> 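Take a look at the following structure, please.
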Amino acid sequence: MTGAHVNRPALARCLKKLETGDTLVVWKLDRLGRSLRDLITMLDDFKHRGVKFRSLTEAIDTETPTGRAMWQMIGVLAELERSLIAERTRAGVKAAQKRGVKFGQKPKLTPDRLAHARKLINQGTRPTDAAKIMDVSRATLYRALQREAA
């Protein structure tokens with residue numbers, strides 16, 4: 001199976017059976033993990049379990065100093081990639097906020113619905129019943145009323 005499949009039962013069975021001293025050999029790194037993060041997590045797990053790893057195409061062999069150095073370089077690059085993704089995400093969020101994009105869940109009570117709920121309460125409907133009519137929780141109604149009063 002390819003590395004793109006989320007549910008890979010054959011790989012899961014293989015990884016479960018690995019024991020200390022075993023060596024997992026793959027043709028290419030991308031056959032093993034869906035992302036660099038997955039690979040790093042998996043190989044760190046191998047290291048803790050005493051399982052060796054070898055990738056034939058990339059010439060990574062965790063039993064050799066060169067292979068371990070290659071793996072450490074891949075780890076450094078993965079960390080850099082994560083940092084860059086986070087930085088781009090923060091920049092994208094800031095840019096979207098400047099354009100007026102609102103993040104988070106939309107308010108359940110629009111100003112019109114809140115006015116209707118207030119009208120019901122002023123006419124003698126209990127807040128709990130008004131919340132049920134508006135299809136929101138009592139706490140949501142109270143918070144909206146407090147925000148409106150502030």
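This structure is a prediction, so every number in the text was calculated from the model and none was measured.
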> With a 4.5 Å limit on heavy-atom distance, are the side chains of R118 and L145 in contact?
yes

> Taking C-beta and beyond as the side chain, do M70 and E58 meet within less than 4.5 Å on heavy atoms?
no

> With a 4.0 Å cut-off, would you call R126 and D129 a salt bridge?
yes

> Compare every heavy atom of A96 with every heavy atom of F103, then report the nearest pair and how far apart it is.
CZ-CB, 3.8 Å

> If you measure from CG on L43 to CG on L39, what distance do you get to the nearest 0.5 Å?
6.0 Å

> Flag the pair D61 / F53 as yes when at least one side-chain heavy-atom distance between them is below 4.5 Å, and no otherwise.
no

> Evaluate the side-chain proximity of I60 to R54: yes if any heavy-atom separation is below 4.5 Å, no if none is.
no

> Heavy atoms, side chains only, cut-off 4.5 Å: are D22 and K52 in contact?
no

> Is there a side-chain contact between E63 and T23 in this structure, where contact means two heavy atoms from C-beta onward sitting under 4.5 Å apart?
yes

> Got a second to check how far F46's CZ is from T41's OG1, nearest 0.5 Å?
11.0 Å

> Calculate, to the nearest 0.5 Å, the distance between atoms CD1 and CZ belonging to I133 and R113 respectively.
11.5 Å

> Nearest 0.5 angstrom please: L109 CG to D135 CG, how far?
10.0 Å

> Rounded to the nearest 0.5 Å, what's the gap from OG1 on T110 to NE2 on H116? Could you check?
10.5 Å

> For V136, is there any backbone N or O sitting under 3.5 Å from a side-chain donor or acceptor partner on T140?
no

> Would you find a donor on one side and an acceptor on the other, under 3.5 Å apart, between the side chain of R68 and the backbone of T62?
yes

> Roughly how far, to the nearest 0.5 Å, is CG of L80 from CG of L77?
6.5 Å

> For a quick test of reading the model, state the closest non-hydrogen atom pair linking T20 to R49 and the distance between them.
OG1-O, 2.9 Å

> So which atom in A117 and which in A130 form the shortest heavy-atom distance, rounded to 0.1 Å?
O-CB, 4.4 Å

> Just do the side chain to side chain contact (heavy atoms under 4.5 Å, CB included) check on L11 and L32 with the steps written out, would you?
CA-CA 8 Å; L11 176 62; L32 182 61; 3.8 Å; yes

> Could you tell me which non-hydrogen atom of C14 sits nearest to which non-hydrogen atom of L24, and how far apart they are?
SG-CD1, 3.8 Å

